[in-house]
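Shown next, in structure tokens, is the structure this report addresses.
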Amino acid sequence: MTISTRTLGTTSPLTVSVLGLGCMGMSEFYGTPDEAGGIATIHRALDLGVTFLDTADMYGPFTNERLVGKAIAGRRDEIQLATKFGNERRPDGTRVGINGSPEYVRAACDASLERLGVDHIDLYYQHRVDQSVPIEETVGAMAELVTAGKVRHLGLSEASAANIRKAHATHPITALQTEYSLFTRDLEDEILPVIRELGIGLVPYSPLGRGILTGAIRPTTALDETDSRRSAYFPRLNGEALEANLRLVDEIGKIAADKGCTPGQLALAWVLAQGEDVVPIPGTKRVKYLEENVGAAAVTLTPADLARLESAVPRDAVQGARYGDMSSIDQ
């Protein structure tokens with residue numbers, strides 16, 4: 001079982017596996033870090049043809065890049081490696097803020113290259129837009145990294161339509177990473193038309209709604225006490241909102257049963273069906289969930305299936321904001 005490829009971007013195209021692997025949860029946020037499990041998952045991913053790996057300097061902080069670097073040692077040529085800068089943290093985990101200054105761009109890239117143990121990054125994202133620095137300055141510094149051979153392609157994450165235009169006019173942007181799933185579709189109004197106009201690919205993170213779309217998160221589910229999904233930072237996954245959203249998940253489960261796949265596979269197949277320029281990066285630190293996710297690439301949805309899903313999960317039916325604090329999201 002291996003999977004096919006898709007190409008992100010038209011001006012600065014990057015061909016990647018049709019599904020990527022989000023590596024964040026191997027090191028932080030979703031329960032206890034698991035380096036051994038993470039490395040095993042990355043190795044299995046590569047064997048299955050999942051060669052598009054996604055990390056960031058702030059995951060850990062810094063430990064996730066080291067984990068990925070350890071996992072890909074000796075296999076660099078197989079991989080499309082993406083990492084991010086901009087959410088500045090100290091080694092003790094303290095959050096400093098969003099930093100898009102040219103000096104920080106250069107320093108962050110050099111530090112990521114060292115931790116990853118590579119001589120170039122295939123796709124380098126600005127993780128969050130720094131409202132105090134014109135995006136042209138940030139992207140200008142990122143473009144210098146391309147000229148220097150340290151970075152091959154540039155990306156943005158959670159950028160507004162206006163800033164996407166400004167960035168792309170400064171240097172071709174290959175991909176926009178933002179949250180997109182059956183539960184998060186606001187980007188369809190303005191962002192998606194703009195990136196398609198400009199020829200920028202879409203890399204959806206949290207395509208499984210941070211796990212809720214798999215059916216695995218329930219009020220009785222014992223998430224690790226260190227799992228950030230238990231906190232008010234994720235309103236959709238707590239309290240009355242969770243109960244309301246799980247009713248939608250149950251409807252997805254019925255459709256999945258009829259399709260002979262899991263709810264998570266159906267949710268991923270829906271994202272994949274949104275266009276050949278869309279490459280979701282579901283995250284996991286477990287081989288069995290990776291293998292389940294890869295199975296989504298074999299699920300074909302008919303127009304009738306898509307219509308049934310749209311009816312089961314109307315865009316405005318999901319309860320709760322996607323973050324408890326949206327201040328870091330470029331509006």
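Note that this is a predicted model, so its numbers are computed, not measured. The figures that follow rest on heavy atoms only: side chains count, while hydrogens, waters and symmetry mates do not.
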Next on the checklist: Holding to salt bridge (Lys or Arg N to Asp or Glu O under 4.0 Å), I want the full list of residues that pass it with E190, two or more places apart in sequence or in another chain.
Outcome noted: none
Checklist entry - If we ignore angles and hydrogens, is there a donor and acceptor under 3.5 Å between the side chains of N64 and T55? => result yes
Next on the checklist: Just to verify, what does F52 make a ring pair (Phe, Tyr, Trp, His ring centres under 6.0 Å) with, not counting sequence neighbours?
Outcome noted: none
Checklist entry - Hey, does Q319 have a side-chain heavy atom less than 4.5 Å from the side chain of E243? => result no
Next on the checklist: Quick check for you: to the nearest 0.5 Å, what is the distance between D130 atom CG and S101 atom OG?
Outcome noted: 7.5 Å
Checklist entry - Of the options M26, K70, R66, which is the one that meets E35 in a side-chain contact (heavy atoms from CB on, under 4.5 Å)? => result K70
Checklist entry - Can you name the closest pair of heavy atoms from V278 and P204 and give their distance? => result CG1-CG, 3.6 Å
Checklist entry - Below 4.5 Å, heavy atoms only, C-beta onward: do F85 and Q126 meet side chain to side chain? => result yes
Checklist entry - Could you state the interatomic distance from OG1 (T51) to CG (L19), rounded to the nearest 0.5 Å? => result 10.5 Å
Under 3.5 Å, sequence neighbours excluded: what are the donor-acceptor pairs made by side chains of residues 134-148?
| residue | atom | partner | partner atom | Å |
| --- | --- | --- | --- | --- |
| T138 | OG1 | G100 | O | 2.6 |
| E144 | OE1 | R106 | NH1 | 3.1 |
| T147 | OG1 | A143 | O | 3.3 |

Next on the checklist: Side-chain heavy atoms nearer than 4.5 Å, only ILVMFWY residues, links allowed to pass through others: does that put I39 and V294 together?
Outcome noted: yes
Item to check | Validation row: R322, D186 side chains within 4.5 angstrom (heavy atoms) | outcome: yes
Checklist entry - Can you check whether C23 reaches L67 side chain to side chain, under 4.5 Å on heavy atoms? => result no
Next on the checklist: Test of understanding: clusters of I, L, V, M, F, W, Y form through side-chain heavy atoms closer than 4.5 Å, transitively. Do V129 and M326 belong to the same one?
Outcome noted: yes
Checklist entry - Looking at CD of Q274 and OG of S181, how far apart are the two atoms once the value is rounded to the nearest 0.5 Å? => result 10.5 Å
Item to check | L123 CG to H153 NE2 distance, which is reported to the nearest 0.5 Å | outcome: 7.5 Å
Checklist entry - Under the salt bridge (Lys or Arg N to Asp or Glu O under 4.0 Å) test, which residues partner E292, sequence neighbours left out? => result none
Checklist entry - Is any side-chain heavy atom of L208 less than 4.5 Å from a side-chain heavy atom of N293? => result yes
Next on the checklist: According to ring pair (Phe, Tyr, Trp, His ring centres under 6.0 Å), who are the partners of H168, at least two apart in sequence or on a separate chain?
Outcome noted: none
Checklist entry - Got a sec: does the CD of E310 have more than 12 other heavy atoms crowding it under 6.0 Å? => result yes
Next on the checklist: Ignoring hydrogens, what is the shortest heavy-atom contact between L306 and A273? Give both atom names and the distance.
Outcome noted: CD2-CB, 4.1 Å
Next on the checklist: Could you tell me if the side chain of V16 sits less than 4.5 Å from the side chain of L8, heavy atoms only?
Outcome noted: yes
Next on the checklist: Can you list everything that forms a ring pair (Phe, Tyr, Trp, His ring centres under 6.0 Å) with F183? Sequence neighbours excluded, please.
Outcome noted: none
Checklist entry - Does R236 have any salt bridge (Lys or Arg N to Asp or Glu O under 4.0 Å) partners at least two apart in sequence or in another chain, and if so, which? => result none
Item to check | Ion pair R76/D119, N-O distance below 4.0 Å | outcome: no
Checklist outcome for this item: When every non-hydrogen atom of W270 is compared with those of E188, the smallest separation belongs to CH2-OE2, 4.0 Å
Next on the checklist: Show, in sequence, the C-alpha distance, side-chain angles and deciding distance for R128 and I329, and conclude whether the side chain to side chain contact (heavy atoms under 4.5 Å, CB included) test is met.
Outcome noted: CA-CA 7 Å; R128 292 290 185 270; I329 304 299; 3.8 Å; yes
Next on the checklist: For Y125, give me all partners under ring pair (Phe, Tyr, Trp, His ring centres under 6.0 Å), at least two apart in sequence or on another chain.
Outcome noted: none
Next on the checklist: Going by side chain to side chain contact (heavy atoms under 4.5 Å, CB included), name the residues that satisfy it together with D110, two or more places apart in sequence or in a different chain.
Outcome noted: L113, K150
Checklist entry - Partners of R95 by side chain to side chain contact (heavy atoms under 4.5 Å, CB included), sequence neighbours excluded? => result F29, M58, R89
Item to check | Distance (rounded to the nearest 0.5 Å) between T184 OG1 and R315 CZ | outcome: 10.0 Å
Item to check | Minimum heavy-atom distance V151-Y124, with the two atoms named | outcome: CG1-CB, 3.6 Å
Item to check | By salt bridge (Lys or Arg N to Asp or Glu O under 4.0 Å) - contacts of D277 (at least two apart) | outcome: R196
Next on the checklist: Within this structure, what is the CD1-OG1 distance for the pair I195 and T174, rounded to the nearest 0.5 Å?
Outcome noted: 12.0 Å
Next on the checklist: Quick one about T15 and T7 (side-chain donor to acceptor, distance below 3.5 Å, no hydrogens or angles considered), yes or no?
Outcome noted: yes
Checklist entry - Looking only at heavy atoms, which two atoms of L237 and G209 are closest? And how far apart? => result CD2-O, 4.2 Å
Checklist entry - Should E291 and K288 be marked as a salt bridge (charged side-chain N to carboxylate O under 4.0 Å, His left out) after you check the CA-CA gap, both sets of side-chain angles, and the distance that decides it? => result CA-CA 5 Å; E291 292 175 343; K288 69 174 183 176; over 6 Å; no
Checklist entry - According to a 4.5 Å side-chain heavy-atom criterion applied to Ile, Leu, Val, Met, Phe, Trp and Tyr, with indirect links allowed, do L156 and I98 form part of one hydrophobic cluster? => result no
Next on the checklist: Around atom OH of Y104, are there more than 12 heavy atoms from other residues, nucleotides or ligands closer than 6.0 Å?
Outcome noted: yes
Next on the checklist: Using every non-hydrogen atom in the two residues, find where S112 and E65 come nearest and quote the distance to one decimal.
Outcome noted: OG-OE2, 2.7 Å
Next on the checklist: Among residues at least two apart in sequence or on other chains, which ones pass side chain to side chain contact (heavy atoms under 4.5 Å, CB included) with A45?
Outcome noted: L21, V50, L290
Next on the checklist: Which residue is it: L202, L198, V203? I am looking for the one with a side-chain contact (heavy atoms from CB on, under 4.5 Å) to I200.
Outcome noted: L198
